[in-house]
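Each chain gets a letter, A, B and so on, in the order its sequence line appears, and its residues count up from 1. Values in this document were obtained by computation on a predicted structure and should not be read as measured data. FYI, side chains are in, hydrogens and waters are out, and symmetry mates aren't considered; it's all heavy atoms of this structure.
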Amino acid sequence: MKAQRAPKPAPVRGMQDFLGEQAERFDHVVGRFRDVARRFGFKPVMVPVVEATSVFARTLGETTDVVSKEMYTFPDRGGDSLTLRPEFTAGICRAYVSEGWQQFAPLKLVTHGPLFRYERPQKGRYRQFHQIDAEVLGAAEPQADVELLAFADLLLKELGVAGVTLQLNTLGDAETREAWRAALVAHFSAHRDVLSEESLRRLETNPLRILDSKEPGDRALVADAPVIDAFLTAEAGAFFEAVQKGVQASGVAFERAPRLVRGFDYYRHTAFEFVSDALGAQATVIGGGRYDGLIETMGGPHTPAVGWAGGIERLMMLCGEPEVAPIEIAIVPLTVSDEGIAMELAALLRADGLRVELGFSGSEKKRFEKAKKAGAWRLLNVGNTGSGWTELRLRNLVANEDAEPVRARILRSIKRAFHHSDDPETRMIKIFGPL
RNA sequence: GCGACCGUAGCUCAAUUGGUUAGAGCGCCGGUUUGUGGUACCGGAGGUUGCGGGUUCGAGACCCGUCGGUCGCCCCA
């Protein structure tokens, strides 16, 4: 009778495991991000995955979907309401306030990691997803916005992401936004009869979001809706002008998107999205903007700030296949008694910077097969001859123009090692080949 | 929260469209052959067809329910 197997565990809905190419792509996106960030002078920052619920509830806007129905919120054992972060900005601003980071302002920061939203999963959208994030805290100048846009643009180029366009807009300052908002409310209120149910609700809670509506009926109304430009104060207009000029000077292509708004309430002035047509329903790859008032509303000093976040899973789908450095040498002991010297060699070559795979499972044939599959350029066949000599056989298994320098390195490392060895046994080495 | 489609070996898929013992490739294990040691062949293990009901002489195929997945709506990176 067969033993009953426990039922197969499944991952939590909307959360995924990465292996192989997927994991390599993830690593690649983060790696390029870090590298480009350095070149722009951004420093790493780490903030907790969990915050007090109020950190997000207040800042994102009580009426936004994320806060009202998508947060992973739970009481901890002490009864405090905690929330798994649904985005980065609020947490970073909280840290800025609680840790007194204003002493370091202006701060150019990058971070990355998991975020959580209780949404229905689909292509490019998961309940645990990952973002790269860049923020400039304490800089009121439009140059900060420009630098952030140039950063994102260069990153996308280096990742080989094609078919992405930058959509740029301004949401103006508080005065602008108020005037525009009133005009929008007036416009949409006059056409209540044709507005979709969803948009009617938003008319009360968040009228800017009606501009995002995809309802065919709303689209026509949205097309006629007043554009923000007419309401821009002189200051807000000049700021946006400076951003556009700077972006152009930086060689970043963009489109003016007068109806682009942002999901969270804290945004002011610059708002932007890098949009792809290759992701199905999830078009935005990187999105962000300026949020000058946020830190103040959290009880901090008035601090102008800008930032963006990019979806790692989405970037993974768009970027070219990453190059993975192959194993340079596979060491294959022929018998159990050869494993000692094989391990010694492996330790040595690895310490010398070589990428080494040690094959010690399965039959001799299997070991060689695995060595080949690892992509090894060379194969060391380790074994003892009857005479007590240790026999090493260097073989070139893969045609590769880099093979010769690698062989030289291997031989150099081996020589050095055995020169320093006190064990006379291990000095008795014959190196065969290659070729 | 709503909608559409889909669930068959570890993975990717078949099964003449309701008919007998559910097949193949890859992967895994073993063997034979091969030796500039990425070859070829042979064999083996592995499935309560997501789960539960129903229709039928007969269900992997049809119906209902349920769970899961995918994609879309909503929203967002």
Inset, instruction - For nucleotides B/G30 and B/G18, find the distance between their P atoms and express it as a whole number of Å. - result: 44 Å

Legend entry - Complement of B/G18, any strand, by Watson-Crick or G-U distances under 3.5 angstrom: none

Inset, instruction - Using atom CG of A/L19 as one end and atom C1' of B/G27 as the other, report the distance to the nearest whole Å. - result: 14 Å

Inset, instruction - Would you please indicate yes or no on a ring centroid separation below 6.0 angstrom for A/H269 and A/F240? - result: no

Legend entry - Under 3.5 Å on both distances, the Watson-Crick or G-U partner of B/G65: B/C51

Inset, instruction - Round to a whole Å and report the spacing from CZ of A/R127 to C1' of B/U70. - result: 14 Å

Legend entry - Under-4.0 Å side-chain N/O to phosphate OP1/OP2 contact, A/Q122 with B/G72: yes

Legend entry - Nucleotide forming a Watson-Crick or wobble pair with B/C71, both distances under 3.5 Å: B/G3

Legend entry - Atom C1', compared across B/G65 and B/C74: separation rounded to whole Å: 27 Å

Inset, instruction - Taking all non-hydrogen atoms of both residues into account, name the closest pair between A/C319 and A/H28 and its distance. - result: SG-ND1, 4.2 Å

Legend entry - Partner nucleotide, any strand, of B/A24 [Watson-Crick/G-U, under 3.5 Å]: B/U12

Legend entry - Distance between P atoms of B/G46 and B/A22 (Å, rounded): 14 Å

Inset, instruction - Compare all side-chain heavy atoms of A/F116 with those of A/M15 and state whether any distance is below 4.5 angstrom. - result: yes

Inset, instruction - Would you confirm whether the ring centroid of A/W308 sits within less than 6.0 angstrom of the ring centroid of A/F151? - result: yes

Inset, instruction - Quick one: look up who B/U56 pairs with, Watson-Crick or G-U, both distances under 3.5 Å, and put none if it's unpaired. - result: none

Inset, instruction - Go ahead and name the base partner of B/U34; Watson-Crick or wobble counts if both distances stay under 3.5 Å, otherwise write none. - result: none

Legend entry - Pairing partner of B/G46 (Watson-Crick or G-U wobble, both distances under 3.5 Å): none

Legend entry - Pairing of A/D145 and A/R290 as salt bridge, 4.0 angstrom limit: yes

Inset, instruction - Write down the distance between CZ (A/R117) and P (B/A77), rounded to a whole number of angstrom. - result: 5 Å

Inset, instruction - Would you tell me whether A/E255 and A/T165 have side-chain atoms, one donor and one acceptor, within less than 3.5 Å of each other? - result: no

Legend entry - Length of the line joining A/I92:CD1 and B/A77:C1', which is rounded to integer Å: 14 Å

Inset, instruction - Calculate the interatomic distance between A/F116 atom CZ and B/A77 atom C1'; express it in whole Å. - result: 15 Å

Inset, instruction - Send over the distance from A/E313 CD to B/U70 P, rounded to a whole Å. - result: 13 Å

Inset, instruction - Sticking with atom P, work out how far B/U20 lies from B/C64, rounded to a whole angstrom. - result: 25 Å

Inset, instruction - Report the distance from atom CD of A/E135 to atom P of B/A77, rounded to the nearest whole Å. - result: 12 Å

Inset, instruction - Evaluate side chain to side chain donor-acceptor pair (under 3.5 Å) for A/E135 paired with A/Y291, printing each intermediate quantity in order. - result: CA-CA 10 Å; A/E135 314 279 350; A/Y291 51 96; 2.4 Å; yes

Inset, instruction - Find the distance A/M15:CE to B/G68:P and express it as a whole number of Å. - result: 14 Å

Anything under 3.5 Å between a protein N or O and an N or O of nucleotides 1-7 of chain B, put it in a table, one pair a line.
from, atom 1, to, atom 2, distance (Å)
B/C2, N4, A/R120, NH1, 2.5

Inset, instruction - Could you work out the separation of B/U32 and B/U12 based on their P atoms and round it to a whole Å? - result: 34 Å

Inset, instruction - For nucleotides B/A24 and B/C63, find the distance between their C1' atoms and express it as a whole number of Å. - result: 31 Å

Legend entry - Interatomic distance at P, B/C13 relative to B/C71, whole Å: 14 Å

Inset, instruction - Please state the P separation for the pair B/C6 and B/G44 - nearest whole angstrom. - result: 36 Å

Legend entry - Quiz item: cation-pi between A/R127 and A/Y118, 6.0 Å / 45°: yes

Legend entry - Assigned partner base of B/U39, Watson-Crick or wobble definition, under 3.5 Å: none

Legend entry - A/L154 versus A/F40, closest heavy-atom pair with distance: CD2-CE1, 3.8 Å

